[in-house]
Each structure stands twice: as structure tokens, then as C-alpha cells.
Amino acid sequence: MSLVKRARYHFMKDIGAPAVMRLSGAGRKKGPGRPKPGFGPGLNCAVRLKEIMTRHYFLSRYAEGAKPVAWVTSGAPVEILRPFGFYTIYPENHGALCGAQRLGPELCAEAEAHGYHQDLCSYARIDLGHFLSGKTPVGRLPRPDLLFASNNICQTVVYWYRVLAHQLKIPLLLFDTPYNFEDITENDVAYMVRQLEEMIPVLEEVSGRRFDSRKFQEMTGISRDSSFAWGEVLATMKTRPAPMTIFDAFIHLAPIVSLRGLPVALEYYHILLRELRERIEQGIGAIENERKRLMWDNIAIWYKVRDFSNLFAERGMNFVTATYTNAWAETISLMDADRPFESMARTYSLVVLNNSLDHRLQLMERLIKEYHVDGLVIHSAKSCKPYSVGQYDIKRLLMDRLGIPSVIVDADITDFRAYSEEQTRTRLEAFFETLEG
Amino acid sequence: MTAEDPIKNRDCVAGIDVGSLSTEALILDMECGTAGYAIVQTGANSTDAAVSALEKALAASGIERDQIRRIVATGYGRVSIPFSDKRVTEISCHAMGAFHLFPDTGIVIDIGGQDSKVIRVGEGGRVLDFAMNDKCAAGTGRFLEVMADKLQVALDDMGPLSLKAGGEIGISSVCTVFAESEVVSLVARNHPKEEIIRGLHRAIVNRVWSMVKGIGVRGAVTMSGGVAKNSGVVSLMEEKLGQPIHVYSEPQIIGALGAALVARRDLQDVQ
Ligand code: SF4
């Protein structure tokens, strides 16, 4: 790492970034403004969140050459990277950001022009499209020194990251998590622990730092606490009226995905949690007139978050839980700072996408009961096969067992060429008619 | 009819279903039930189609425009009928209509011109659950139209022809565009049209079947939409279900009927 770059990074971190934040207004200490029709007052924390994430992407430009940089998949056990001081970039989070800004098709097309198929996950296409063209709404992403992927979410990431490794000629660490058809075995755990241990020499080499097991434990503890706090944030939505909506949660998810294991994420969720609890005490709901409570399945439709949020709020319908947002809280109680390797293996291999449909069904049944859910919106995402497979069966079984009506929306996470406004409107209206009987 | 004709004093409601290919209007007499209906081509302008269907339905039933107390619009063009009092999705309307005609209906399979849907119907014609295919032309009436054109067979003849077929030729592609070229090459190889048509019907049934399974079969099955007029598709679907299917003589008007029933229910609620 170069000394000059390091000095520049620290200067930007301590002085440059705060100045830019002030200028861009991201950090302005103003309230969230007047509520939109149908909504209760907005979350004050949104300002702080924006500041954290803007700063994260802004500083990342100066990280290259100053700190070891890793590109990481959302489900990888990032804690193991933390003691080595990696600056971590999450291409999936970047993809979501591009999606929300309606840049999905443009970046996907860059990848498609190089021969990547339209059926490939659009997070992968956006990332490869960005890689090949340099286009991004965040200015610039730092070139990685290391790639870190886990197939606990899908196999796509394996091939996607291999392409990056091949192009960039940098090491790829792959954390292979056996799929849980039923239970996880001791052999599985041993296999995963072994992989983590074997990563250490590579991490030492890339970062130029020795492994510090105390620091590792400490950061595992921070990660655990942040995920717990995230779980508590989500649990506030059990209250009627719920103090936030799942659409808020889709946005406030960013730190637990991208900054997991860092104190900033933990601090943030504590602030958010405090605000949500105050709202509960004062009986403030995220939407004005919460008549129906809904659950969301699958990743967000990023270019539609705002529209959907308005559409449902107008009808007094609030999304109070989602399998997606829950994924970063679901297995966290397994994380143990005293046995970091082993607990990491369990925490990360038992996530929802690495489990059987039966598990997903049970999880959804539990969420429906705990959050008093009246209906379910299922996003069938063209990108995400592991998440979208089996949804028709889940739909039927939830109807049979709990009498929960649901609607399937065919769309994509970021590529809105796979989305039809007309058809979606008809489905949603029919769903509203069903819910309102 | 004279001015004293009692019909002229009756309150009526109308349902209009603006689909991609055809538009149906149906008039319901609040006391006596269906008074008349009309089916017109939608063409390029949904509003014009709705006006013309309504006029024709009025003419067919001998009802005056000012007897219509309420109009409910449905179908994909429901938003473009300025004179409707309410808009309801075709999903709810098909459920209402089918339930009205066949009260033991548990499932409606509607294969229309541009989409297909499977609806689970509960008490009073309420929608309990539904699934829709609207992403892909395969499994819709459009698929059959394209194929009829390629085979140079009238759409209405497809059903009877396929029932006469001695055998069946499997169509391997699920995509309309691929199936089209498959059909062209089958014709070129002199395969009997009847057998190809039967294979095409099988392809549609298989395509819709995944939705039927997804929703689950409960009670009697009613088919609606234009494709329900195709006896070949209905018979293959019956075979697959292992039970007979209710088909109304004009399956296309079930949506408009449902819309009119919603209008009638609304009026009764007020009265
Ligand atoms: S969206 Fe699905 S397919 Fe794409 S990277 Fe995420 S888990 Fe994998």
C-alpha cells in the first residue's frame, strides 16, 4: 500500500468526506420534511443513513492503494476480512443502488454487449457492465485486491466472481456452504471451518497484515451485536401500527449488508432502534391508517420501491415483514465471538437461501403469525432463481394452511425490461379486491 | 315495444369487459337477469369499442341507455372507459360470473387472448387466490391464433379438427416463436394438420397446468375466455384434470357478466 495514498485516504476520511457531506447536504441536520399523503412522519434517521452510505461510497474512491480492497458477496462471512482492515465493496448493494436509480437496463446492456446472457442475474450483469464500461452512479468503485464469495445465496456468484478474478488476475476466496436439505452435520461444519482457516494466509498476504485473532473475535462480536440490533429494528414492526415499513427497511438494510462488522453499523442501528421505540411509545405509525399488514417475499424491486410504497400506503396497507430483510437477522443467534470459526460456519450456512423450501415455508408461517400478516406479495424475480423457485407451491401451501391470500408479481430486481406496469397493476388490484373482500 | 312496456321502467346495470382482442358488454335487468349482450372487436380504440359494445347490447336487449343505473368496467382496457362508475379487475369478474352460472365452481381457468389465469373461487364468487400468466404468449389464445394462421385453418375449426385426429404430434417448444417454426417444418414434412393441432392444444394445456397445480383444484372447474370455445383444449384439460369442465355457451362474456353482477350488487347494497 502506498504511503501517499494512505495519507490521502486518511485526509479524505477525516476532513475531505465531512466537508463534501456538508456541501452536498447529505449530512444536513434537518428533519425528514413534511409527510407524504397516506404516510405518517418520516424517519429522522434517514438523513444519517444517507450520510453513512454516501460517505462509504465517496471514501471508497480513495481506498484504492491506501487500504486492501475486497469485493464481497452479500452472504459471505465478511467478519474474517475485518481484522485485516479491508475496505469492502458489495457489488450487490451497488447493483441495488443502480437499480433504484433506474440504471439497471443500461448497465446490463453493457454486459450483454460483451456476450453475457439476459437470463444472467442482473446484479451480476450490472457489476460486469460497470466493470467493463466504468459506468456507475457513485463516481467510481475502487479496484479490488481480493474477491470474496460464498455460494450460500446462489451458484451465480461463483461464476460471476470467477470472471472478475480472471479479468483482474487477483485471488478469489470462495466459501462453499453445503446445502441444507435437512440438518447441518458436524462434517459440514468441519469442512467450512477448514476453508476459513485456509483463507488466513491468503488474507495475510493480500493485506500485508498478520492475523489477529483477538481482533477477529472483537469484530465478530460487533457483527453479532449489529445483526441483533437489526433484528430488533425489524421486530418493532410487530407493533400496530408499525413504526416503519418494509420499504424503509429495504433502504436501512444497507449498513448491515455493506458495513457488517464495523462499529458504524452497530451505532447506526442503535440510533434507529431508539427512534423506532419512541415512535411506538407515541403511537406513530409509518403509514397514516394501517388497515392491512402484509409480507414481502424475495429481494426488492428496486426501481419500484417508491411507487409501491405510495400505492400500498394510499390503501392503508403496510408491509411489516419480509423474508429478504429478515435474512440478515435470522441466524445471528448462532454467532459466538468465543468460537468465531465454528459459529461463522453455522451462521452463514443456515441462511434462508441455503435451506430447503420446507424451511422457508416454516419461516414464512412463523413470520405471518408473529407479525399478524393479512396478505403476501411474492416477487418472482427473473434474476434470482434460488429465491424464486418454489414460490407457487409456497403460495398454495400458505393459502391452504393459514388462509393467507397472496399475489405473485413477475419482475426483476433491477432490470425493468422484465417488468410490465399494466400487468402488475391488474394483479395488484385483483389482490386488493381479494384482501378487501 | 311500446312506451308502457314494463321493461322500460326497469332498472338495469351493465358490465363491460374490454379485452385485447374483443370487447363484451352485458346488460342485466335488476329483476330478471341477463337482458342482452354484444361482442365487438376491440380494435385500436378501447373507448370506442366499449361504446359500440354497449350500444349493441342495448339494442339487443331493448333497454334504453337511461335505464342503466350503473356500469362496471373490467378487462385490461377498464381504465379507458370514462363513462363507467367503477373498475374491477377481470380476475374478480371472472370469478363472479363463473360462480353465478355454475355455483359449484371452485376453480376458474380463463384462457384469454393475451393472458391466462387460474382463480380459486370462494363463497359468493369471491376470489380466494389466483395465478396469472401474462408474460408469455404461449398458454394464451394468441398462441392458437398464430398457429391457426400458419396452418391456414380457421380458429373455430381447430377444436373439432383436433378431436378427429388419429394421433398426436408433440410440440417440444414452449415459446410461441419457436413453436411457430416447429409447426412450419411439421407441415412441410406432411404431418397431418389434425395431429399437429392436437399437439398444440396439449402444449397450451401443459402450459396452463402448472398454474392449475399451483392454485390447487378444489370443487368444480369452469373454463372461461375465448379458448374455452375450443373443444379440443377443453377435452385435453378434462383428461388432465380427470373431471368434466363447465363451459358456458358464450364463455367470452363471463367477464362482462361478472362486471354486471358487481354493478348489481353495488346497487342492491345502496338500496
Ligand atoms: S440476486 Fe439471486 S442470483 Fe443474483 S446474486 Fe443475489 S442470490 Fe445470486
Side-chain angles (χ1 to χ4, degrees), chain A residues 118-119 294-295 297 301 311 315 357 361 368 373-383 388-412 415-437, chain B residues 17-20 46 72-80 86-96 107-108 110 112 114-137 140 208-218 255 258-259 262 265:
Chain A
Q118 273 216 9
D119 285 342
L294 307 176
M295 170 155 85
D297 185 45
I301 305 176
L311 182 74
R315 288 172 171 76
L357 271 188
L361 187 67
I368 287 172
V373 167
D374 302 304
L376 167 64
V377 176
I378 300 170
H379 168 205
S380 172
K382 184 165 176 283
S383 274
S388 306
V389 76
Q391 284 176 318
Y392 278 88
D393 292 310
I394 285 184
K395 174 179 168 64
R396 187 189 64 245
L397 290 165
L398 289 176
M399 181 72 200
D400 286 348
R401 294 188 188 178
L402 304 174
I404 290 288
S406 56
V407 60
I408 293 188
V409 174
D410 281 305
D412 186 60
D415 186 351
F416 53 81
R417 292 171 296 179
Y419 174 84
S420 158
E421 190 70 54
E422 285 290 308
Q423 293 167 348
T424 306
R425 199 188 52 208
T426 296
R427 288 187 194 197
L428 290 179
E429 280 179 15
F431 177 61
F432 297 146
E433 288 164 8
T434 307
L435 269 181
E436 278 160 355
Chain B
D17 180 358
V18 185
S20 58
S46 323
V72 169
T74 187
Y76 96 100
R78 64 188 177 282
V79 285
S80 42
K86 185 178 181 174
R87 285 134 208 201
V88 178
T89 63
E90 50 273 39
I91 292 127
S92 297
C93 290
H94 276 269
M96 279 290 263
I107 295 288
V108 179
D110 166 49
Q114 71 168 19
D115 61 24
S116 47
K117 18 187 161 358
V118 177
I119 309 162
R120 194 196 290 193
V121 184
E123 226 168 285
R126 265 191 61 201
V127 176
L128 295 179
D129 200 6
F130 67 94
M132 254 175 119
N133 157 40
D134 46 20
K135 288 193 88 169
C136 159
T140 72
V208 175
W209 184 248
S210 56
M211 281 193 294
V212 175
K213 261 185 60 194
I215 293 295
V217 180
R218 304 277 186 291
V262 172
R265 188 193 57 195

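So you know, we letter chains A, B, ... as the sequences are listed, proteins then strands, and number each from 1.
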#### Entry: Interface residues of residues 72-79 of chain B facing chain A - non-hydrogen atoms under 4.5 Å apart
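Answer by number: B/Y76, B/R78, B/V79.
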
#### Entry: Residue that, paired with A/M295, satisfies side-chain contact (heavy atoms from CB on, under 4.5 Å) out of A/D374, A/I378, A/V373
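Of the listed residues A/D374, A/I378, A/V373, the side-chain contact (heavy atoms from CB on, under 4.5 Å) partner of A/M295 is A/V373.
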
### Message
With a 4.5 angstrom heavy-atom cut-off, is it the side chain or the backbone of A/T434 that approaches chain B, or both, or neither?
### Response
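When you check distances to chain B, atoms from both the backbone and side chain of A/T434 fall under 4.5 Å.
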
### Most contacts with chain B, counted as non-hydrogen pairs under 4.5 angstrom, among A/E422, A/E433, A/E429
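Highest number of pairs under 4.5 Å: A/E433.
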
### Task
Would you give the length of the straight line joining atom CG of A/L294 to atom OG of A/S406, rounded to the nearest 0.5 angstrom?
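Reported to 0.5 Å precision, the distance equals 11.0 Å.
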
### Query
Could you state the interatomic distance from CG (A/L357) to CG (A/L397), rounded to the nearest 0.5 Å?
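Rounded to the nearest 0.5 Å, the CG-CG separation comes to 9.5 Å.
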
Pairs under 3.5 angstrom only: tabulate donor-acceptor contacts from the side chains of residues 117-128 of chain B to other protein residues two or more places apart or in another chain.
| unit_1 | atom_1 | unit_2 | atom_2 | d |
| --- | --- | --- | --- | --- |
| B/K117 | NZ | B/D110 | OD2 | 2.7 |
| B/K117 | NZ | B/D115 | OD1 | 3.1 |
| B/R120 | NH2 | A/D400 | OD1 | 3.2 |
| B/R120 | NH2 | B/I215 | O | 3.0 |

#### Entry: Test log, rule salt bridge (Lys or Arg N to Asp or Glu O under 4.0 Å), inputs A/R427 and A/D410
CA-CA 10 Å; A/R427 288 187 194 197; A/D410 281 305; 3.1 Å; yes

### Query
What are the two closest non-hydrogen atoms of B/M211 and B/M132, and how far apart are they?
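In this case the closest contact between B/M211 and B/M132 is SD-C, 3.5 Å.
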
### Geometric cation-pi criterion A/K382 and A/Y419, 6.0 Å radius, 45° cone
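Ring-cation test returns no.
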
